[in-house]
Trainee: 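Could you have a look at this structure, given as structure tokens, before my questions?
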Amino acid sequence: MKFLFPIIIVFSLISCSQIPQTMDKSKNISSSKSDQQLQQLIITHQQFYQQSSPFNDPQVGGNNGRLPNLSPKYLAEQNEKLNSIYQALVNIDSNTLSKENQINSAVLIYAIKNQLDSYRNKEHYMPLTAESGFHVWIANIIQQVNFKSTQDYRDYLSKLRAIPRYFDQQTAWMNLGIKAGITQPKIVLKGFEQSIKAYIVSDVSNSDYYQPFKKMSAQVTAATQATLKQEAKAILREQVIPAYQKYYHFMVNRYQANARDNIAATSLPNGKAYYQNRVQHYTTLPLSADAIHQQGLAEVKRIRAEMDVIIKQVKFEGDFATFVEFLRSDEQFYAKTPTALLKEASFIAKQMDAKLPALFKTLPRTPYGVIEVPANIAPKYTTGRYSGPARDDQAGNYWVNTYRLDRRPLYVLTALTLHEAVPGHHLQGSIAKEMKNVPKFRNRTYISAFGEGWGLYSEYLGLEAGMYQNPYHNFGRLTYEMWRACRLVVDTGMHAKGWSRQRAINYLADNTALSLHNVQTEIDRYISWPGQALSYKIGELTIKRLREKAENTLADDFDLRDFHDQVLKNGSMPLHMLEKVIDDYIANEKIKHDKAKEANN
């Protein structure tokens, strides 16, 4: 999964694994002055990236024992350095760059601009969403360290000792947010403190942070293991748990009480410009909130007509609302145990695995697992998500939420699995991480409109692959597509058109078969993460449009497997750059096939 605040905490998600080369080395050779300038800036940016956070270039026995510095002085200095790189980048005429460097430039400019915008918009004043927060994200340090040597464990203990300072810096920013009126809305924070309380345990050996000491590396002697375990318990008892307790009291007694009442991003200081900035960031296109709202309404109308066809197909007697209530309440559509839900998700994933060669020429080598969403965040968490590997000796994981099984319908599980696992996020993200002969930032950059657009398109591919084996499952697919169409309406409605939270809840509930629990958690997510929900449908519509263009132009010469490889082989990129890549592909394919036909005549 992707982290929300890259200035605050940046986890390196680079994989060292390989797939067949997607480009020859000659494409990396600078051929013009502009190419050379860009290559130098890429080097400068990589150096900046590595020194900006200890997570980005960990050195055993050195910065590997540190946590990010969030002091005002340091963040300001980093912002100034990053801005100088950005200004130099935008001064390069992209038309004079090689095709490969045009992609490099577009991706790097996009990523850096977002970091600069986030700092200017003071997003570091709000290091949390309705779903999660820094107190959960920082626990991922368990996954970042490859515990082999004694020094690895000592570095980890040093990280644990730094947690109180890290929490104090975060809450200092949150206090500034209270004073400036930059907080999350009060309504989405109801119950948030439970995700903090989950880390406050009486027996520290049950703490998530203690897990690395339960089965230690054989390279560490028994005597040293015993010493390290005692040190870990003392640090957890005396420093880490008190830091969580302090944050719990801060959340309950200060932050929630002083959080803003208005849910709209436009209610924040400079809020109208902020929301428009987020709209353009998450769609990567120069779209207005009003245009997106209207597009959402049109999509909702189209999808509703398809849903009505299925209701007639199953010969259900009743209207749309009655059918949805039937789906939400009938026991046949729900798993009885968490294990049963996980097994069903795993079975669907393996079925889709077998269909991938028919849809793709290039497949990644990184495997993935199917696991449940961690219990400490499950109550307010979305229904499922993909979590990429932190190191090259780890697999990716498709997370399935097993909290409240009566709110996790099986009829949407196929669509969810295709989106989060394969051919969705796992396949797309792994291909990107495994690209060779590209700058490192290309392997780790995730652009929501591209990635989430691909995820939603992957749900559609399941229809062509025969994955929706009965009308109810296909209705579940349409429910998920309708869900993303509704996002265009409710996100812009709440943040730009004065919609209330309840109006948004009602709209999503009335138009989809999502459980009412999911509806509420989703609406709270959109409130706390302005604009992100727009990326799915905008990205999917773009990919479908580009496929239609390729099919119409190439006709019988269109190769679906080749088209999918062209979309994915360069990793995440802004949608305008994807369109350029596909247009070039179409033109080259047409020339190739026309020449072949001429030669055969």
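Values below: every heavy atom of this structure, side chains too, minus hydrogens, waters and symmetry copies.
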Trainee: Would you call E522 and V490 a side-chain contact if the rule is heavy atoms closer than 4.5 Å?
Mentor: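 No - every pair of side-chain heavy atoms lies 4.5 Å or more apart.
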
Trainee: Counting C-beta onward and ignoring hydrogens, is there a side-chain heavy-atom pair between W483 and N511 closer than 4.5 Å?
Mentor: no

Trainee: Kindly indicate, with the supporting measurements, whether the criterion salt bridge (charged side-chain N to carboxylate O under 4.0 Å, His left out) is fulfilled by K186 and D261.
Mentor: CA-CA 6 Å; K186 191 173 297 182; D261 293 317; 3.6 Å; yes

Trainee: State, to 0.1 Å, how close T283 and L534 come at their nearest heavy-atom pair, and which atoms those are.
Mentor: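 Result for this residue pair: CG2-CB, 4.0 Å.
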
Trainee: Are there more than 12 heavy atoms of other residues, nucleotides or ligands under 6.0 Å from atom CD of E317?
Mentor: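 Not more than 12 within 6.0 Å, no.
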
Trainee: Looking at F192 and A130, what are the two nearest heavy atoms and their distance?
Mentor: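 Between these two residues, the closest heavy atoms are CD1-O, 4.0 Å.
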
Trainee: Looking only at heavy atoms, what is the nearest atom pair of L160 and L236, with distance?
Mentor: CD1-CD2, 4.3 Å

Trainee: Kindly give the heavy-atom pair with the smallest separation between N474 and L463, and that separation in Å.
Mentor: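 N474 and L463 have their closest heavy atoms at OD1-CD1, 3.6 Å.
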
Trainee: Assess, by modelled atom type and distance only, whether the side chains of R391 and Q144 contain a donor and an acceptor separated by less than 3.5 Å.
Mentor: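 No pair is found: no donor N or O on one side chain lies under 3.5 Å from an acceptor on the other.
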
Trainee: Parallel, tilted or perpendicular for F475 and F320, by the 30°/60° rule?
Mentor: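 Because their plane-to-plane angle lies in the 30° to 60° range, the rings of F475 and F320 count as tilted.
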
Trainee: Between the side chains of Y381 and T521, is a donor N or O closer than 3.5 angstrom to an acceptor N or O?
Mentor: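 The answer is no; no qualifying pair exists.
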
Trainee: Would you mind telling me which of E131, E452, E420 makes a salt bridge (Lys or Arg N to Asp or Glu O under 4.0 Å) with R385?
Mentor: E131

Trainee: Determine the interplanar angle of the Y153 and F147 rings, folded into 0 to 90°, and report it as parallel if under 30°, tilted if 30 to 60°, perpendicular if over 60°.
Mentor: tilted

Trainee: Evaluate the ring planes of F250 and Y255, with Trp represented by its six-membered ring, and classify them as parallel (under 30°), tilted (30 to 60°) or perpendicular (over 60°).
Mentor: tilted

Trainee: Using the ring centroid of each side chain, check whether F323 and F316 are separated by less than 6.0 Å.
Mentor: yes

Trainee: Kindly determine whether I310 and Q313 satisfy side-chain contact (heavy atoms from CB on, under 4.5 Å), including the steps that lead there.
Mentor: CA-CA 5 Å; I310 291 181; Q313 182 184 350; 4.1 Å; yes

Trainee: Main chain of Y209, side chain of Y156: is a donor-acceptor contact present, judged purely on distance under 3.5 Å?
Mentor: yes

Trainee: Describe, in one word, how the ring planes of F333 and F326 are oriented to each other, choosing from parallel (under 30°), tilted (30 to 60°) and perpendicular (over 60°).
Mentor: perpendicular

Trainee: Check this for me: K312, atom NZ, are more than 12 non-hydrogen atoms of other residues, nucleotides or ligands nearer than 6.0 Å?
Mentor: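 Incorrect, the count does not exceed 12.
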
Trainee: Please tell me whether T362 and D565 have a donor and an acceptor in their side chains that are separated by less than 3.5 angstrom.
Mentor: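 There is such a pair between these side chains.
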
Trainee: State whether the number of non-hydrogen atoms from other residues, nucleotides or ligands found under 6.0 Å of E331 atom CD is greater than 12.
Mentor: no

Trainee: Assess the side chains of K159 and N64: does a donor N or O sit below 3.5 Å from an acceptor N or O?
Mentor: yes

Trainee: Under 3.5 Å, is there a donor on one side chain and an acceptor on the other for R503 and N506?
Mentor: no

Trainee: Minimum heavy-atom separation for S500 and I263, please, with both atom names.
Mentor: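 Between these two residues, the closest heavy atoms are C-CD1, 3.9 Å.
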
Trainee: Is there a side-chain contact between Y480 and T383, using heavy atoms and a 4.5 Å cut-off?
Mentor: yes

Trainee: Are R487 and Y536 in a cation-pi setup, meaning NZ or CZ lies under 6.0 angstrom from the ring centre and within 45 degrees of the ring axis?
Mentor: yes

Trainee: Please tell me whether T322 and D319 have a donor and an acceptor in their side chains that are separated by less than 3.5 angstrom.
Mentor: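 Their side chains do contain a donor-acceptor pair, which is all the 3.5 Å distance test asks for.
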
Trainee: According to the interplanar angle, ranging from 0 to 90°, do the rings of H426 and Y368 count as parallel (below 30°), tilted (30 to 60°) or perpendicular (above 60°)?
Mentor: tilted

Trainee: Find out whether the Lys NZ or Arg CZ of K544 is both under 6.0 angstrom from the six-membered ring centre of Y460 and within 45° of the ring's axis.
Mentor: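 Output yes; distance and angle both within limits.
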
Trainee: I'd like to know whether NZ of K229 has more than 12 heavy-atom contacts from other residues, nucleotides or ligands below 6.0 angstrom.
Mentor: yes

Trainee: Taking the six-membered ring of W499 (Phe, Tyr or Trp), confirm whether the NZ or CZ of R501 is under 6.0 Å from its centre and within 45° of its axis.
Mentor: no

Trainee: Using the ring centroid of each side chain, check whether W454 and H564 are separated by less than 6.0 Å.
Mentor: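 Between W454 and H564, the centre distance is under 6.0 Å.
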
Trainee: Taking the six-membered ring for Trp, are Y411 and Y334 parallel (under 30°), tilted (30 to 60°) or perpendicular (over 60°)?
Mentor: perpendicular

